[in-house]
Amino acid sequence: MKWGEELPQSFFNQKTEALAYALLGTVLVHDSPNGLTAGRIVEVEMYRGVLDRAAHSFRGIPTSRTRVMFGPPGYAYVYFIYGMHYCLNVVAAANGVGEAILLRALEPLEGIELMADRRRQTLSTPPRISEVKRLTNGPAKLAQAMGITLEQYGWSLFNSPLSLFIGQSPVPRSLVARGPRINVQYAGEAADFEWRFWLKGNSFVSRL
DNA sequence: TGATCGATGCTCT
DNA sequence: GAGCATCGATCAA
């Protein structure tokens with residue numbers, strides 16, 4: 001497959017921070033009935049359990065929304081937010097723990113017209129770089145562009161229409177920047193945790 | 001180019 | 001009933 005090798009289930013079985021680093025540079029693919037879209041992951045945030053006030057799993061008890069987050073790693077945790085947006089997470093950590101990695105930005109690789117269609121944007125011919133960036137430079141934008149809704153809740157990210165591929169050799173940590181997460185000011189000391197990771201200098205990230 | 005604000009409905013208290 | 005892991009329009013400069 002042109003995106004590289006599909007990630008095996010065992011890939012997701014590593015510590016959450018290591019998985020956050022490892023996901024950068026991989027390719028998210030959604031082979032949907034409307035067509036295929038793919039993008040390279042360039043920005044993520046990790047959310048952890050009872051020590052992380054910003055995490056949906058903070059209370060330590062699964063709810064109907066967070067059930068998948070507490071399950072085994074390698075599955076899609078999708079949630080609905082602000083009454084109109086969806087966000088996609090990769091479940092991390094062992095069964096019962098409740099950790100996940102939010103995908104915050106992609107670099108579009110294939111299906112750009114379909115992405116624009118889903119985003120209700122019009123592209124110039126040829127598309128301008130600014131138009132391509134705004135398709136996927138935010139968690140809700142990339143979910144919309146990739147056709148992710150609650151329908152994909154709990155889907156596996158291996159052996160699935162929604163899948164992850166190793167798009168290149170792993171990105172060295174020296175090429176990854178980290179800093180505090182976005183929009184979690186309410187989370188007390190957890191607001192300062194440097195749990196957002198992005199590819200240094202990559203212009204497809206949601207914010208500098 | 002950046003700051004501000006409204007939309008909109010689910011989730012959990 | 002309050003708040004939210006956001007986005008896009010609008011307004012100022």
Side-chain angles (χ1 to χ4, degrees), chain A residues 16-17 19-21 23-24 28 39 41-71 73 75-93 97-108 115-124 127-155 157 177-198 203-208:
Chain A
T16 302
E17 183 167 318
L19 182 59
Y21 277 104
L23 284 172
L24 289 171
L28 177 70
I41 297 174
V42 300
E43 179 186 350
V44 300
E45 283 178 357
M46 67 172 175
Y47 288 85
R48 306 193 61 191
V50 293
L51 76 170
D52 180 9
R53 197 172 187 79
H56 293 163
S57 54
F58 175 63
R59 305 278 168 194
I61 300 165
T63 64
S64 58
R65 177 174 66 156
T66 60
R67 176 175 48 81
V68 165
M69 191 173 171
F70 282 91
Y75 291 81
Y77 168 46
V78 183
Y79 64 87
F80 184 62
I81 191 70
Y82 294 115
M84 61 189 87
H85 300 301
Y86 300 97
C87 295
L88 172 64
N89 294 249
V90 177
V91 175
V97 177
E99 303 188 352
I101 296 165
L102 171 68
L103 305 187
R104 284 198 56 91
L106 301 178
E107 175 179 343
M115 289 185 184
D117 221 39
R118 287 170 172 155
R119 297 264 304 122
R120 297 168 202 237
Q121 310 263 328
T122 55
L123 298 172
S124 313
R128 295 159 58 172
I129 188 69
S130 59
E131 294 172 335
V132 176
K133 283 181 187 176
R134 69 171 178 239
L135 293 174
T136 52
N137 63 350
K141 293 181 189 178
L142 78 86
Q144 187 179 25
M146 294 294 291
I148 307 295
T149 67
L150 287 178
E151 187 184 345
Q152 280 73 38
Y153 183 91
W155 283 20
L157 291 161
R178 67 185 297 171
R181 294 171 293 182
I182 306 291
N183 286 343
V184 295
Q185 300 89 332
Y186 62 89
E189 62 178 12
D192 298 324
F193 297 167
E194 298 200 326
W195 284 358
R196 171 178 175 239
F197 306 87
W198 66 94
S203 66
F204 290 89
V205 299
S206 65
R207 307 194 193 182
L208 246 52

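Numbers restart at 1 for each chain; the letters A, B, ... are given by sequence-line order, proteins then strands.
Of the nucleotides present, B:dG2 is the one that pairs with C:dC11 by Watson-Crick or G-U wobble criteria, both distances under 3.5 Å. Under the Watson-Crick and G-U wobble criteria, each requiring two contacts below 3.5 Å, nucleotide B:dT8 is left unpaired.
Atom C1' of nucleotide C:dC7 and atom CG of A:Leu88 are separated by 17 Å, given to the nearest angstrom. Atom CD1 of A:Ile81 and atom P of B:dA7 are 18 Å apart (whole Å). The separation between A:His85 atom NE2 and C:dG8 atom C1' is 8 Å, rounded to whole Å. For A:Arg207 and B:dA3, the CZ to P distance is 10 Å, given to the nearest whole Å. Note: CG (A:Leu208) to C1' (B:dG2) measures 14 Å, nearest angstrom. Regarding A:Asn183, its CG atom lies at a distance of 13 Å from the C1' atom of C:dG3, rounded to whole Å. Atoms OH (A:Tyr153) and P (B:dT11) sit 10 Å apart, rounded to a whole Å. When the P atom of B:dC12 is taken as reference, atom CE of A:Met69 falls 12 Å away, rounded to whole Å.
Judged by distance alone, the side chain of A:Trp155 and the main-chain N or O of A:Glu151 form a donor-acceptor pair under 3.5 Å.
The shortest distance between side-chain heavy atoms of A:Phe197 and A:Arg104 does not fall below 4.5 Å. Between A:Phe204 and A:Arg134 there is no side-chain heavy-atom pair separated by less than 4.5 Å.
Among the nucleotides C:dA5, C:dT6, B:dC10, the one closest to the side chain of A:Phe80 is B:dC10. With distances taken from any side-chain atom of A:Thr66 to the nucleotides C:dA5, C:dC7, B:dC12, the minimum falls on B:dC12. Closest to the side chain of A:Tyr79, from the set C:dA5, B:dC12, C:dC7, is C:dA5.
Neither OP1 nor OP2 of C:dC7 sits under 4.0 Å from any side-chain N or O of A:Arg134. One finds a side-chain N or O of A:Arg59 lying less than 4.0 angstrom from the OP1 or OP2 phosphate oxygen of B:dT13. Within the structure, every side-chain polar atom (N or O) of A:His56 is placed at least 4.0 Å from both OP1 and OP2 of B:dT11. Here A:Arg65 reaches the OP1 or OP2 of B:dC12: one of its side-chain N or O atoms lies under 4.0 Å away.
Residue-level contact check: A:Ala140 touches the backbone only, with heavy atoms under 4.0 Å from sugar-phosphate atoms and none from bases. Contacts of A:Arg120 with the nucleic acid, taken as non-hydrogen atoms under 4.0 Å apart, are absent.
A donor N or O paired with an acceptor N or O is not found under 3.5 Å between the base of B:dA7 and the side-chain atoms of A:Tyr82.
Between A:His85 and A:Tyr82, the angle of the ring planes goes over 60°, which puts this pair in the perpendicular group of the 30/60° scheme. The aromatic rings of A:His56 and A:Tyr79 sit perpendicular to each other, their planes meeting at more than 60°, with 30° as the lower class boundary.
Take the nearest nucleotide of DNA chain B for A:Leu150 and for A:Met84: the residue whose nucleotide is more 5' is A:Met84.
Cation-pi geometry between A:Arg181 and A:Tyr47 is satisfied (NZ or CZ under 6.0 Å from the ring centre, within 45° of the ring normal).
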